[in-house]
Amino acid sequence: MKRFLSFALFLIICVYITPVMTEADSRKEMPSQMPDDSWIETTDPFNHISIWDDDSRLRTSGIFTYRILHRTEKMAAIVSVNEKVEDLTIPAVLDGYKIFCISIPWGADTYDSPEMPGKLNDSLKSLTIQDGIQEIGDIAFSGCKKLTTLKLPRNLVRIGYGAFSGCTSLRKVKIQDSKYITGTEIDEKAFSDCVIDQFSIEGYTSIGDNPFLGSRIREVVFPKITGIRSHGINIDRAQVEKMWADPYMQSLRFESMGWDYKRGVLQKLIVNGKKTKIQGWNRANIFGSLYTVPKAACIKWAKKYKLTYKVKSCGKMGKVTRRKKKASWNKVTTTVKTYQYKESRRKWKKSSRCTKTYYQVYGKKKKSGTYKLLKTTTKNRYKSKYKYLKVKPVTVWL
């Protein structure tokens, strides 16, 4: 009987100890970019208490309240800001704990509503999130209507559901280039019901369902970043005035989740590269015009979906003449041809018009020097102290 009791006690100990050992081993190889948050200490194996119900994990440091996610790895999440502030910087480290997340991270074992943004709704105007923070959790800064300046960290893994929903004063949002991760996941409704002057995408992104639901964006741009030449974006149920795809881009794909009963709007798509391919389109969305250059690959996309496109071309540039500091040149003719599909006739209608020509003036002081851009002008003359000048008509859309 004693042997049986000893063996039973041994089995019970194994059941409780084994999960702890497994968890300890997994901590040693915690990746720099977590595909999920299974590494977080979700439950106390002895007391069966979720860390989200364990108030002993809550700490206060200055105006912040944070929750310890992992004691051994010294990881934490900021869960609330306890004062009304206009300018806020979220630190990457608090009391020696690395801040992994703002608000509640993805996969957290809790159904509680996040305490963020709390008192920030009516006060926050400027927000800087330091490099090192990997996740902006659900509803983290939702409803901050006065927020104008936003600086996101590099190597951001995720922007959660509704994280910036209802922010109606945003000037510029920039998804920064990611050197150590595969990209930034932008979740469903992350920027819903927003007003944004410029949305800039430098790094790879993974787009969720309707990330810009009900938002108005003045322009979406894709800055030139070495190594990143293909992008995807979802504009379903959003209004975008302009979208720029510069010549370095290989492809731009319009992602769509199929919500055809709610339309998005794109007024201008500007593609200045001949080789840039455009893919995908939700036929329920409303399209203005494609602005591009002669013989561009993207024209095939416009024809496929019977979308209006405009082609800009310039005449040949003559020689630049100099008289001391004054330079002049003959005017160049710039033409815009518009192609519009007429459904009633099932034919393309072409129209042509002349438009202003812009000239870029470059100069250098020495023959061995490097030309630098001096001015962009519509005039066909220029006064300069530079000894060497060259002028080019602008053949792309500005």
Side-chain angles (χ1 to χ4, degrees), residues 174-179 182-184 198-207 217 219-235 240-256 264 266-283 285 287-317 332-341 348 350-353 355-360 362 370-371 373 376 390-398:
K174 181 165 72 172
I175 307 298
Q176 297 199 62
D177 181 24
S178 302
K179 295 182 178 180
T182 56
T184 302
Q198 185 184 89
F199 199 94
S200 176
I201 302 175
E202 289 184 354
Y204 290 108
T205 55
S206 172
I207 304 294
I217 307 174
E219 64 176 357
V220 175
V221 299
F222 302 91
K224 184 176 181 179
I225 300 296
T226 303
I228 303 174
R229 304 182 67 185
S230 297
H231 289 278
I233 192 165
N234 182 335
I235 64 161
V240 180
E241 289 184 25
K242 295 180 185 178
M243 187 176 295
W244 296 83
D246 281 339
Y248 81 98
M249 287 187 65
Q250 289 180 340
S251 67
L252 171 64
R253 181 173 182 83
F254 289 98
E255 308 286 352
S256 182
L266 175 56
Q267 295 180 19
K268 291 184 178 181
L269 173 59
I270 301 168
V271 180
N272 284 321
K274 286 188 176 182
K275 297 182 179 181
T276 304
K277 294 181 180 179
I278 309 297
Q279 299 171 319
W281 183 251
N282 183 349
R283 292 181 184 273
N285 288 339
F287 186 78
S289 296
L290 165 68
Y291 293 73
T292 190
V293 293
K295 298 180 180 180
C298 60
I299 293 174
K300 184 178 179 181
W301 169 81
K303 287 183 175 180
K304 176 182 177 180
Y305 292 99
K306 298 180 175 60
L307 304 174
T308 300
Y309 64 96
K310 299 174 184 283
V311 178
K312 177 183 177 182
S313 60
C314 295
K316 291 184 179 181
M317 180 76 195
V332 172
T333 301
T334 300
T335 305
V336 174
K337 294 180 180 179
T338 302
Y339 299 83
Q340 189 175 16
Y341 188 78
W348 288 90
K350 183 177 76 171
S351 60
S352 181
R353 65 179 177 86
T355 188
K356 280 185 179 180
T357 302
Y358 289 85
Y359 306 93
Q360 288 180 329
Y362 298 84
T370 303
Y371 281 103
L373 179 64
T376 300
K390 66 177 181 180
V391 181
K392 293 181 178 180
V394 179
T395 57
V396 297
W397 296 88
L398 297 176

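Since this is a predicted model, take the numbers as computed values, not measurements. Starting from 1, each residue takes its place in the sequence as its number.
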With a 6.0 Å cut-off (strictly less than), is the heavy-atom count around NZ of Lys392, excluding the residue itself, greater than 12?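 Check fails, neighbour count at 12 or below.
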Test item: [X] side-chain N/O and [Y] main-chain N/O as donor-acceptor pair under 3.5 Å:
X      : Y      : value
Lys312 : Val396 : yes
Thr276 : Met249 : yes
Thr355 : Thr334 : no

Taking only residues two or more places apart in sequence, or in another chain, which ones meet [X] in a side-chain contact (heavy atoms from CB on, under 4.5 Å)?
X      : result
Ser206 : Glu185
Ser352 : Thr335, Lys337
Thr395 : Cys314

Side chain to side chain donor-acceptor pair (under 3.5 Å) partner of Glu219, the single match among Gln198, Lys242, Lys268: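 Of the listed options, the one satisfying the test is Gln198.
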Under 4.5 Å between any side-chain heavy atoms of [X] and [Y], yes or no?
X      : Y      : result
Lys174 : Glu202 : yes
Val332 : Tyr359 : yes
Phe199 : Ile233 : no
Phe254 : Leu266 : yes
Leu269 : Phe287 : yes
Asn272 : Tyr248 : no

Considering all heavy atoms, the nearest His231-Gly203 contact: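 So the two residues come closest at CE1-O, 3.7 Å.
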Partners passing ring-ring contact (aromatic ring centres under 6.0 Å, His included) against Tyr371 (at least two apart in sequence or in another chain):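 For Tyr371 there are no ring-ring contact (aromatic ring centres under 6.0 Å, His included) partners, ignoring immediate neighbours.
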[atom1] of [X] to [atom2] of [Y]: how many Å apart, nearest 0.5 Å?
X      : Y      : atom1 : atom2 : value
Gln279 : Ser230 : CD    : OG    : 8.0 Å
Asn285 : Asn234 : CG    : CG    : 8.5 Å
Glu255 : Thr205 : CD    : OG1   : 8.5 Å
Ser289 : Gln340 : OG    : CD    : 7.5 Å

Taking it one step at a time, do Val311 and Val336 satisfy side chain to side chain contact (heavy atoms under 4.5 Å, CB included)? CA-CA 6 Å; Val311 178; Val336 174; over 6 Å; no
Could you pull out every donor-acceptor pair under 3.5 Å between side chains of residues 302-310 and any protein atom, sequence neighbours left out?
{"from": "Lys310", "atom 1": "NZ", "to": "Thr338", "atom 2": "OG1", "distance (Å)": "3.3"}

Side-chain polar contacts of residues 294-301 - donor-acceptor pairs under 3.5 angstrom, sequence neighbours left out - could you list them?
{"from": "Trp301", "atom 1": "NE1", "to": "Gly280", "atom 2": "O", "distance (Å)": "3.1"}

Of Trp244, Tyr358, Tyr291, the residue whose pairing with Trp397 passes ring pair (Phe, Tyr, Trp, His ring centres under 6.0 Å):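 Of the listed residues Trp244, Tyr358, Tyr291, the ring pair (Phe, Tyr, Trp, His ring centres under 6.0 Å) partner of Trp397 is Tyr291.
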